[in-house]
Amino acid sequence: MTHAPSERGAEVGRRIGVGLMYGLWKPRVLGAWRVPATGPVILAVNHSHNVDGPMVMGVAPRPTHFLIKQEAFIGPLGTFLEGIGQLKVDRTSADRTAITRALDVLKDGGVLGIFPEGTRGDGDFASLRAGLSYFAVRSGAPIVPVAVLGSTEKRGRLIKGLPPLRSRVDVVFGDPFEAGDGSGRRTRKALDEATVRIQERLTGHLANARRLTGR
């Protein structure tokens with residue numbers, strides 16, 4: 001039996017994220033008002049740096065439950081991540097527990113955060129995995145594209161693996177959109193078509209975010 005991750009825990013995580021992200025860097029947040037104030041939402045975030053998830057968690061207007069690789073859930077960090085409502089996922093298989101818990105987040109009207117590229121890379125949405133389209137079509141929740149820019153421009157002097165302290169990181173939220181075609185179909189063909197639609201919207205948003213921020 002699975003249980004939905006804690007909404008209260010995710011709100012605690014958001015507040016911790018606010019303090020850390022604004023304390024260590026200078027986030028510039030554009031378009032946060034585009035995130036629907038209520039109801040299920042999927043945040044589709046590009047992923048080029050480990051700080052991208054915590055950054056979005058801290059600056060998003062609503063508490064967010066991210067799907068995070070199970071390798072991160074080790075020792076005290078794992079306990080902390082579970083405590084703040086984050087979702088552990090095994091990327092090597094169809095993780096039914098993670099899928100059920102993620103759908104429960106959306107069923108309860110919460111916000112699910114996904115890195116649609118599946119792993120950290122160039123952060124350009126060039127290669128999408130099928131998970132995002134599945135959750136969007138299955139739940140009917142709108143997708144809000146999110147571009148995090150500036151987290152990989154320079155390496156910090158104190159901590160090489162992080163952006164320089166007090167450097168600017170831009171987080172740009174796009175317009176919500178429906179991934180499905182309105183038919184409610186969940187066939188492989190419908191999911192493939194949804195993936196194409198999603199990729200077009202995400203890459204378009206990223207290009208627009210780069211124009212807006214000059215990055």
Side-chain angles (χ1 to χ4, degrees), residues 10 14 17-18 21-22 25-68 87 102 105-106 109-153 163 168-182 191-215:
R14 190 181 74 84
V18 167
M21 297 305 112
Y22 283 93
W25 296 286
K26 294 180 180 177
R28 181 172 63 168
V29 184
L30 303 175
W33 55 270
R34 292 188 171 102
V35 178
T38 59
V41 180
I42 299 172
L43 300 184
V45 184
N46 68 322
H47 195 24
S48 56
H49 196 286
N50 283 333
V51 81
D52 296 340
M55 182 63 70
V56 173
M57 202 183 300
V59 305
R62 294 174 60 187
T64 306
H65 305 270
F66 267 97
L67 279 166
I68 300 173
L87 300 165
V105 165
L106 298 171
V111 181
L112 180 67
I114 294 181
F115 300 114
E117 295 157 294
T119 188
R120 187 157 41 94
D122 292 333
D124 57 2
F125 293 126
S127 176
L128 300 194
R129 294 170 68 130
L132 176 55
S133 59
Y134 174 81
F135 287 121
V137 171
R138 174 79 185 268
S139 68
I143 295 172
V144 172
V146 186
V148 182
L149 302 170
S151 58
T152 59
E153 284 182 354
R168 198 186 83 211
V169 178
D170 291 324
V171 182
V172 186
F173 293 85
D175 290 318
F177 66 93
E178 304 288 339
D181 60 5
L191 290 177
D192 288 344
E193 290 170 352
T195 298
V196 172
R197 276 192 293 274
I198 290 169
Q199 187 155 31
E200 288 176 353
R201 292 295 294 263
L202 296 189
T203 53
H205 170 66
L206 184 58
N208 186 52
R210 286 179 170 149
R211 280 194 298 272
L212 276 173
T213 61
R215 308 190 92 145

Mind listing the closest non-hydrogen atom pair of R168 and T213 along with its distance? NH2-O, 3.7 Å
Show every side-chain hydrogen bond (donor to acceptor under 3.5 Å, both in side chains) that has at least one partner inside residues 53-64, sequence neighbours left out. none
Which atom names give the shortest non-hydrogen contact between V51 and M21, and what distance separates them? CG2-SD, 4.3 Å
Measure the spacing between CG of L43 and NE2 of H65 and express it to the nearest 0.5 Å. 11.0 Å
Calculate, to the nearest 0.5 Å, the distance between atoms OG and CG belonging to S139 and L112 respectively. 8.0 Å
Residues forming a side-chain contact (heavy atoms from CB on, under 4.5 Å) with R138, sequence neighbours excluded: L103, Y134, R186
Identify the heavy atoms of P61 and F173 that sit nearest to each other, and give their distance. CD-CZ, 4.4 Å
Roughly how far, to the nearest 0.5 Å, is CD of E193 from CD1 of I198? 12.0 Å
For F66, check ring-ring contact (aromatic ring centres under 6.0 Å, His included) against everything at least two apart and list the hits. F115
For residues 142-150, please give each side-chain donor-acceptor pair under 3.5 Å, one per line with the distance, not counting sequence neighbours.
none

If I take atom CG from residue L191 and atom CG from residue L132, how far apart are they, to the nearest 0.5 angstrom? 10.5 Å
Report the C-alpha separation of F177 and R197 in whole Å, then their side-chain angles, then the decisive distance to 0.1 Å, and conclude whether the side chain to side chain contact (heavy atoms under 4.5 Å, CB included) test is met. CA-CA 10 Å; F177 66 93; R197 276 192 293 274; 5.8 Å; no
Set of salt bridge (Lys or Arg N to Asp or Glu O under 4.0 Å) partners for R34, sequence neighbours left out: D175
Closest non-hydrogen atom pair between Y22 and P27, with its separation: CD2-CD, 3.7 Å
Residues that R14 engages under salt bridge (Lys or Arg N to Asp or Glu O under 4.0 Å), provided they are two or more places apart: E11
If I compare all heavy atoms of V111 with all of P63, which pair ends up nearest, and what's the gap? CB-O, 3.5 Å
Salt bridge (charged side-chain N to carboxylate O under 4.0 Å, His left out) partner of D170, chosen from R210, R211, R28: R28
Mind listing the closest non-hydrogen atom pair of V41 and L106 along with its distance? O-CD2, 3.5 Å
Check whether any side-chain heavy atom of P116 sits under 4.5 Å from a side-chain heavy atom of L202, and report yes or no. yes
